[in-house]
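Here the structure is a predicted model, which is why all the values come from computation and not from measurement.
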Amino acid sequence: MINNLTEKTLNLFSKKTKGRILQESLLLFNDQTFNLTTTAKIAKSSNVLEGSLWYHFNSKKDLLIEHLNLFSSSLKTSLKNLKDGDKKRVIEKLLSVYGILWDFRYIFRDSFEPYEKKDEKLSKLLKQTNTLLDEFVDDVLEYSNEIKIIEIDKNDLNEISELVLIVGKHWLDYSKKKYPEESNQLLKKRGVNLLIKVLYPYLNLESKKIIDSIYEPT
């Protein structure tokens, strides 16, 4: 399978059997959805026997839980050293987060309702992951407003944050349905481009120059 994961996400996986299964299952879930991906497909793509998969994971649900934890860890790492006043770094971090979101897109795209009904802990973990992403966007936008990357009335910040999250999360599903023949890389880039368009009217001149210098729109 073609590997479309960012370098940051690839570094989350070890080269050992368990890491390889986690990486290949993530790629398959993203490409074929969680529900349509069988353990046999995962084992074949990971180049292991299905028994080896069961040795490390009792079910597909366990793979989902591992992915949720990896996503949360990666997102929290992105927050480190963010608030140092460097406008370019903050903008780069904000745009790079979409790469993480895209790498784990099945988590926000697919439905896990049957599993959630049977597993309260999983349901809680899914809600915590969504809340973490929501709070991350709120926090970064608020800080961006403080250091004058964007200039938005504080009363409007919540609405802008919601628009960013709507584009960020729902483009994952909508893009593949509308443009089924397009590559994942192009769809991801279009997603970033949409996020920039949401924020662009609120960027000051300096911030617009920074974005124009580091990002080439589709």
Side-chain angles (χ1 to χ4, degrees), residues 1-13 22-38 40-42 44-46 60 63-64 67-68 70-72 74-75 78 91-115 126 129-130 132-134 136-138 140-141 150 159-203 207-208 210-218:
M1 176 172 290
I2 298 175
N3 198 327
N4 291 306
L5 302 177
T6 61
E7 184 178 353
K8 182 174 183 178
T9 298
L10 285 173
N11 289 334
L12 296 173
F13 305 108
L22 280 170
Q23 180 178 318
E24 292 303 315
S25 59
L26 178 60
L27 289 166
L28 285 165
F29 292 160
N30 283 338
D31 189 56
Q32 302 180 11
T33 77
F34 180 81
N35 290 321
L36 293 181
T37 302
T38 64
K41 286 181 181 178
I42 296 171
K44 182 178 180 180
S45 185
S46 305
K60 286 200 302 180
L63 289 163
L64 168 59
H67 289 155
L68 286 165
L70 286 170
F71 172 81
S72 296
S74 186
L75 193 60
S78 294
I91 290 172
E92 287 175 335
K93 285 263 188 179
L94 186 56
L95 296 181
S96 70
V97 165
Y98 193 75
I100 303 171
L101 184 63
W102 186 267
D103 283 349
F104 291 88
R105 60 190 176 277
Y106 88 92
I107 290 174
F108 303 94
R109 181 197 65 201
D110 297 352
S111 173
F112 308 103
E113 188 175 353
Y115 299 91
L126 283 163
T129 304
N130 275 279
L132 179 66
L133 179 61
D134 293 353
F136 174 87
V137 172
D138 288 342
V140 173
L141 287 179
I150 54 176
E159 291 182 354
I160 300 303
S161 179
E162 288 174 347
L163 285 172
V164 167
L165 286 165
I166 287 170
V167 172
K169 290 182 180 181
H170 293 287
W171 176 252
L172 305 173
D173 181 45
Y174 175 76
S175 62
K176 202 62 179 176
K177 291 178 179 177
K178 185 171 183 180
Y179 307 105
E181 303 303 320
E182 298 285 6
S183 70
N184 285 322
Q185 289 300 317
L186 181 59
L187 294 179
K188 179 171 71 173
K189 193 169 184 179
R190 285 187 176 182
V192 175
N193 196 42
L194 287 172
L195 291 175
I196 290 174
K197 286 189 175 181
V198 170
L199 295 173
Y200 210 79
Y202 307 98
L203 298 172
S207 300
K208 287 179 179 178
I210 292 172
I211 281 193
D212 292 343
S213 70
I214 64 176
Y215 184 77
E216 182 181 344
T218 54

**Message:** Just verifying a value: how many Å separate L163 CG and L199 CG, rounded to the nearest 0.5 Å?
**Reply:** 9.0 Å
**Message:** Using side-chain heavy atoms (C-beta onward) and a distance below 4.5 Å, is D134 in contact with K169?
**Reply:** yes
**Message:** Would the distance check show the side chain of R109 and the main-chain N or O of N30 forming a donor-acceptor pair, the cut-off being under 3.5 Å?
**Reply:** yes
**Complete:** Distance col, row R105:CZ vs F71:CZ, nearest 0.5 angstrom, shows 13.0 Å
**Exercise: identify the closest heavy-atom pair between E24 and S46** = CB-OG, 3.4 Å
**Prompt:** Hey, mind stepping through S45 and L28 against side chain to side chain contact (heavy atoms under 4.5 Å, CB included) and telling me if it holds?
**Reply:** CA-CA 8 Å; S45 185; L28 285 165; 3.9 Å; yes
**Prompt:** What heavy-atom pair brings L101 and G168 nearest, and what distance separates the two atoms?
**Reply:** CD2-O, 3.3 Å
**Request:** Evaluate the criterion side chain to side chain contact (heavy atoms under 4.5 Å, CB included) for residue pair I91 and L203; output intermediate values, then yes/no.
**Result:** CA-CA 11 Å; I91 290 172; L203 298 172; 5.6 Å; no
**Item:** Whether over 12 other heavy atoms sit under 6.0 Å from K197 NZ
**Value:** no
**Message:** Ignoring hydrogens, what is the shortest heavy-atom contact between W102 and N184? Give both atom names and the distance.
**Reply:** CZ2-O, 3.5 Å
**Value rounded to 0.5 Å, distance of CG in L172 from NE2 in H170** = 9.0 Å
**Item:** Heavy-atom side-chain contact between T129 and L133 under 4.5 Å
**Value:** no
**Item:** pair N35-Y115: side-chain heavy atoms closer than 4.5 Å
**Value:** yes
**Asked** Would a 4.5 Å heavy-atom cut-off, applied to side chains only, mark L63 and I42 as touching?
**Response** yes
**NZ/K44: more than 12 non-hydrogen atoms of other groups inside 6.0 Å** = no
**Message:** Quick one, L26 and T9 - any side-chain contact, counting heavy atoms below 4.5 Å?
**Reply:** yes
**Item:** Separation of L187 CG from K176 NZ (nearest 0.5 Å)
**Value:** 5.5 Å
**Test side chain to side chain contact (heavy atoms under 4.5 Å, CB included) applied to V97 and V140, step by step** = CA-CA 11 Å; V97 165; V140 173; over 6 Å; no
**Complete:** What one should report as the nearest heavy-atom pair of S74 and L12 is CB-CD1, 4.2 Å
**Item:** Min side-chain heavy-atom separation L64-Y106 under 4.5 Å
**Value:** yes
**Message:** With rounding to the nearest 0.5 angstrom, report the CZ to CG distance, F136 to L165.
**Reply:** 10.5 Å
**Fill in**
Across all chains, not counting sequence neighbours, the side-chain hydrogen bond (donor to acceptor under 3.5 Å, both in side chains) partners of D173 are K177
**Request:** Enter the distance from K60:NZ to T38:OG1 here, rounded to the nearest 0.5 Å.
**Result:** 7.5 Å
**Message:** Is any side-chain heavy atom of R190 closer than 4.5 Å to one of E182?
**Reply:** yes
**Prompt:** Are the side chain of N193 and the backbone N or O of K189 linked by a donor-acceptor pair below 3.5 Å?
**Reply:** no
**Prompt:** If you draw a 6.0 Å radius around OH in Y174, do more than 12 non-hydrogen atoms from other residues or ligands fall strictly inside?
**Reply:** no
**Request:** Over 60° means perpendicular and under 30° means parallel, so classify the ring planes of H67 and F13, tilted if in between.
**Result:** perpendicular
**Message:** So K41 and Q32, do their side chains get closer than 4.5 Å, heavy atoms only?
**Reply:** yes
**Prompt:** If we ignore angles and hydrogens, is there a donor and acceptor under 3.5 Å between the side chains of D110 and T33?
**Reply:** no
**Message:** For L5 versus D103, what's the shortest heavy-atom pair and its separation?
**Reply:** CA-OD1, 3.5 Å
**Asked** How far apart are the C-alpha atoms of I196 and L95, what are their side-chain angles, what is the distance that settles it, and do they pass the side chain to side chain contact (heavy atoms under 4.5 Å, CB included) test?
**Response** CA-CA 8 Å; I196 290 174; L95 296 181; 3.9 Å; yes
**Complete:** Between V167 and G191 the two heavy atoms that sit nearest each other are CG1-O, 4.3 Å
